[in-house]
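I have placed the structure first, in the form of structure tokens, so that the comments after it can refer back to it.
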Amino acid sequence: NPSVLLTDRAYTTTDHRITQVYNRHRSDRNHNASLSFDHNFSPRWSAGLSFSGNWFSRRELGIMDTSIPGIDSHNLTTNLTRFHTSNLMGNLCLKDTFAHRRGQLSFGFDWLRFTNDEDQGLSDISGSALQGDMGGTITGYVATADYSRNLNEATRISAGLKSTLLLIDN
């Protein structure tokens with residue numbers, strides 16, 4: 001999606017008038033995938049597994065031409081940015097249903113990983129350059145165990161444990 005922006009900044013004298021022309025071209029790519037699977041091992045035991053992912057990338061090139069015509073000043077700068085993300089998530093669950101006790105025991109495990117990476121390069125016609133690199137990763141794990149039991153048709157009791165671990169690297 002290319003775009004062009006023209007700026008003309010007039011001042012009290014034309015000697016200090018600034019003009020800027022900015023050209024930008026950006027390309028994006030996005031991909032998604034998901035998968036799930038459920039299985040009943042017996043009338044009591046069942047399990048499920050799911051996975052989903054998203055991958056995104058962007059490449060953007062910007063060129064700015066700045067000039068002050070009254071004093072013959074001119075500068076051309078380029079900015080190249082590359083940005084990538086990936087978001088992955090998975091889940092595993094196991095459930096045991098006690099028919100004679102009207103209860104249920106379930107276990108779950110969740111995993112997630114979010115990553116991003118951005119590289120940026122800025123340069124001008126004088127040869128000056130600046131390189132940047134930003135990125136990070138978040139990884140998470142969640143484990144759960146739950147027990148529930150119907151005391152009668154109107155009352156149910158539940159108890160559970162949950163533990164979460166997050167790891168952040170930036």
Side-chain angles (χ1 to χ4, degrees), residues 1-39 47-95 106-146 160-170:
N1 58 9
S3 64
V4 176
L5 173 66
L6 171 64
T7 305
D8 190 344
R9 296 186 178 131
Y11 287 90
T12 54
T13 67
T14 57
D15 289 345
H16 297 107
R17 179 176 151 245
I18 296 176
T19 61
Q20 293 176 313
V21 178
Y22 180 69
N23 290 292
R24 180 186 78 163
H25 180 74
R26 180 172 71 191
S27 63
D28 295 341
R29 288 184 174 33
N30 191 31
H31 305 284
N32 297 296
S34 63
L35 170 73
S36 64
F37 175 75
D38 293 320
H39 183 70
L49 175 69
S50 67
F51 174 81
S52 64
N54 169 263
W55 297 268
F56 175 79
S57 67
R58 170 175 287 160
R59 183 181 189 278
E60 184 171 330
L61 174 63
I63 300 172
M64 177 160 313
D65 186 355
T66 304
S67 64
I68 304 173
I71 59 173
D72 197 29
S73 175
H74 175 74
N75 192 17
L76 186 68
T77 57
T78 60
N79 183 357
L80 177 61
T81 303
R82 292 182 185 101
F83 180 72
H84 305 279
T85 63
S86 65
N87 303 315
L88 306 172
M89 294 168 276
N91 172 271
L92 174 65
C93 62
L94 182 63
K95 181 171 67 170
S106 61
F107 301 97
F109 180 75
D110 298 322
W111 169 81
L112 59 95
R113 183 174 176 93
F114 303 128
T115 61
N116 70 347
D117 183 34
E118 182 174 352
D119 296 322
Q120 188 166 17
L122 179 64
S123 61
D124 66 14
I125 58 175
S126 71
S128 298
L130 177 65
Q131 297 293 325
D133 180 19
M134 297 183 300
T137 301
I138 300 173
T139 304
Y141 305 93
V142 180
T144 59
D146 295 302
L161 298 171
K162 182 177 189 177
S163 180
T164 303
L165 173 65
L166 280 178
L167 304 170
I168 301 172
D169 174 23
N170 52 4

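One is the number of the first residue; the rest follow in order along the sequence. Just so it is clear, the values below take in all heavy atoms, side chains as well, and ignore hydrogens, waters and symmetry mates. Just so it is clear, the model here is predicted, and its values are computed rather than measured.
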Show me the side-chain donor-acceptor pairs of residues 55-71 shorter than 3.5 Å, one per line, residues at least two apart or across chains.
from : atom 1 : to  : atom 2 : distance (Å)
R58  : NE     : D28 : OD1    : 2.7
R58  : NH2    : D28 : OD2    : 3.1
D65  : OD1    : H74 : ND1    : 3.0
D65  : OD1    : H74 : NE2    : 3.4
S67  : OG     : T19 : OG1    : 2.8

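- Residue T77 holds its OG1 atom at 7.0 Å from CG of D124, rounded to the nearest 0.5 Å.
- Residue pairs meeting the side-chain hydrogen bond (donor to acceptor under 3.5 Å, both in side chains) criterion with at least one member in residues 131-141, sequence neighbours excluded: R113-T139.
- Every residue two or more places apart in sequence or in another chain was checked for a side-chain hydrogen bond (donor to acceptor under 3.5 Å, both in side chains) with T144, and none qualifies.
- Listed by chain and residue number, F41, L94 satisfy the side-chain contact (heavy atoms from CB on, under 4.5 Å) test with A47 (two or more places apart in sequence, or in another chain).
- For S36, the side-chain hydrogen bond (donor to acceptor under 3.5 Å, both in side chains) criterion is met by no residue, not counting sequence neighbours.
- By the ring pair (Phe, Tyr, Trp, His ring centres under 6.0 Å) test, H31 pairs with no residue at all, sequence neighbours left out.
- Side-chain contact between W111 and L88 is present, with at least one heavy-atom pair separated by less than 4.5 Å.
- For the atom pair CZ (F107) and CG (L161), the distance works out to 10.0 Å, reported to the nearest 0.5 Å.
- In this view, S86 and T115 satisfy the side-chain hydrogen bond (donor to acceptor under 3.5 Å, both in side chains) rule, not counting sequence neighbours.
- Remark: D38 CG to K95 NZ distance equals 9.5 Å, nearest 0.5 Å.
- Atom CG of residue D119 and atom OG1 of residue T81 lie 9.0 Å apart, to the nearest 0.5 angstrom.
- In this structure the side chain of Y22 reaches within 4.5 angstrom of the side chain of R24, judged on heavy atoms.
- Residues meeting the side-chain contact (heavy atoms from CB on, under 4.5 Å) test with M89, sequence neighbours left out: S52, L112, F114.
- Scored by the side-chain hydrogen bond (donor to acceptor under 3.5 Å, both in side chains) test, N30 finds N54 as partners (sequence neighbours excluded).
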